[in-house]
Number of protein chains: 2
Amino acid sequence: MNWLETSTENCTVQRTLELVGEKWSLLLIRDAMNGVRRFDDFRRHVGLSEAVLADRLRKLVAAGILETAAYREPGSRTRREYRLTRKGWDLWPAMIALKQWGDRYTADPEGPPLEVRHSDCGEPLRAVIVCAEDHGPLTPRQARTHPGPSARPRS
Amino acid sequence: MNWLETSTENCTVQRTLELVGEKWSLLLIRDAMNGVRRFDDFRRHVGLSEAVLADRLRKLVAAGILETAAYREPGSRTRREYRLTRKGWDLWPAMIALKQWGDRYTADPEGPPLEVRHSDCGEPLRAVIVCAEDHGPLTPRQARTHPGPSARPRS
DNA sequence: CTGCTGGCTTCGAATGCTGAAGTTAGATGG
DNA sequence: CCATCTAACTTCAGCATTCGAAGCCAGCAG
């Protein structure tokens with residue numbers, strides 16, 4: 001069974017994009033990874049409409065990527081903030097990989113507006129692909145794809 | 001200048017998503033990485049409408065992620081096929097990182113429908129973040145973010 | 001009890017997606 | 001040399017999503 005003959009219905013990339021691939025979702029996660037937690041901060045910084053923001057936050061919470069927590073500032077009523085869960089933070093390698101591509105191909109001549117570095121040595125980060133035995137970094141030519149255990153023919 | 005005060009206008013993640021973040025774009029790139037090259041194969045396998053497919057292919061070619069090449073099957077007229085460029089293949093780490101997340105959180109109980117392994121040792125791949133001096137794999141807690149050279153205040 | 005603020009919801013207009021039908025260029029068959 | 005077929009589009013009507021703006025609501029300050 002080759003790729004063209006296998007169903008995409010249970011493709012894990014596709015399912016991932018159903019959760020985070022809508023417009024704005026990954027930008028909200030980007031902001032959440034940079035410490036943004038409140039509705040109004042998301043709205044102003046990411047720059048989307050309030051209706052869509054409310055919808056996306058609801059979906060990301062339903063997906064287990066964000067969770068809400070109550071907070072209270074002195075002299076204000078309690079409110080809810082949005083934080084990344086473990087599952088949400090597990091998107092970090094993907095976010096860094098997208099940022100790395102953008103840094104290379106879309107940055108202004110001076111460089112990117114945000115830098116992420118190793119806190120110990122101060123060197124910039126790279127997303128690399130290795131195998132389970134730590135051979136690598138690997139290129140696409142060093143990889144082979146096979147049908148997996150749940151590969152099904154296309155209807 | 002903290003993150004909430006910096007403009008997202010030149011954010012490299014945002015610019016990346018402007019190129020590949022539309023619905024279907026990353027799925028087309030997924031298929032291209034698996035060897036799909038023709039209009040009709042994309043249409044049938046990815047399952048999107050022809051109008052949108054034509055638009056996405058045009059945009060991905062304009063972005064330098066795909067390029068067209070003439071091909072000719074015996075007994076047919078010459079046609080054009082779509083292939084990933086180097087720039088397109090550079091999205092591979094991001095694609096693997098998204099697939100890895102999907103494999104962990106969205107796969108059927110038996111596993112994913114597609115497996116990617118190191119061709120030398122046969123072990124499955126992992127997307128990891130390292131620093132330029134190869135410390136790693138790193139977690140988000142071991143990273144620090146700073147404003148980069150093109151950080152600008154939000155208007 | 002009046003106003004203010006954060007966090008939404010509602011609404012009309014604009015944009016985007018879908019499925020189906022139509023178009024075009026070059027084989028191929030009669 | 002005319003009709004047919006096919007891959008690769010384009011056009012179109014209807015539906016869904018997104019946008020910007022406005023409105024609503026709860027609780028706190030004055």
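Order of the sequence lines sets the chain letters (A, B, ...), proteins ahead of strands, with each chain counted from 1. FYI, side chains are in, hydrogens and waters are out, and symmetry mates aren't considered; it's all heavy atoms of this structure. Everything numeric here is computed off the predicted structure, so don't read it as measured data.
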With a 4.0 Å heavy-atom cut-off, tell me which residues in residues 9-32 of chain A come close to DNA chain C, sorted by residue number. none
Listed partners of A:Arg80 passing salt bridge (charged side-chain N to carboxylate O under 4.0 Å, His left out), at least two apart: none
For residues 23-54 of chain B, which residue pairs pass the ring-ring contact (aromatic ring centres under 6.0 Å, His included) check, not counting sequence neighbours? A:Trp3-B:His45
Just N and O in the side chain of B:Tyr82: are any of them under 4.0 Å from OP1 or OP2 of D:dC9? yes
side-chain contact (heavy atoms from CB on, under 4.5 Å) filter on B:Ala51, not counting sequence neighbours, yields B:Ser49
Could you list the residues that satisfy side-chain hydrogen bond (donor to acceptor under 3.5 Å, both in side chains) with A:Arg56, not counting sequence neighbours? none
Rounded to whole Å, how long is the line connecting atom CG of A:Leu66 with atom C1' of C:dG7? 16 Å
Sequence-distant partners of A:Thr16, side-chain hydrogen bond (donor to acceptor under 3.5 Å, both in side chains), two or more places apart: none
If you take any heavy atom closer than 4.0 Å to DNA chain C, which residues from residues 33-56 of chain B end up in contact? B:Ser49, B:Glu50, B:Val52, B:Arg56
Considering residues at least two apart in sequence or located in another chain, which fulfil the ring-ring contact (aromatic ring centres under 6.0 Å, His included) criterion with B:Tyr105? B:Trp101
So, using side-chain hydrogen bond (donor to acceptor under 3.5 Å, both in side chains) as the criterion, who are the partners of B:Arg154 when residues are at least two apart? none
In whole Å, I'd like the distance from the CZ atom of B:Arg80 to the C1' atom of D:dA8. 9 Å
Side chains of A:Leu53 and A:Leu28, heavy atoms from C-beta outward: is any pair under 4.5 Å? yes
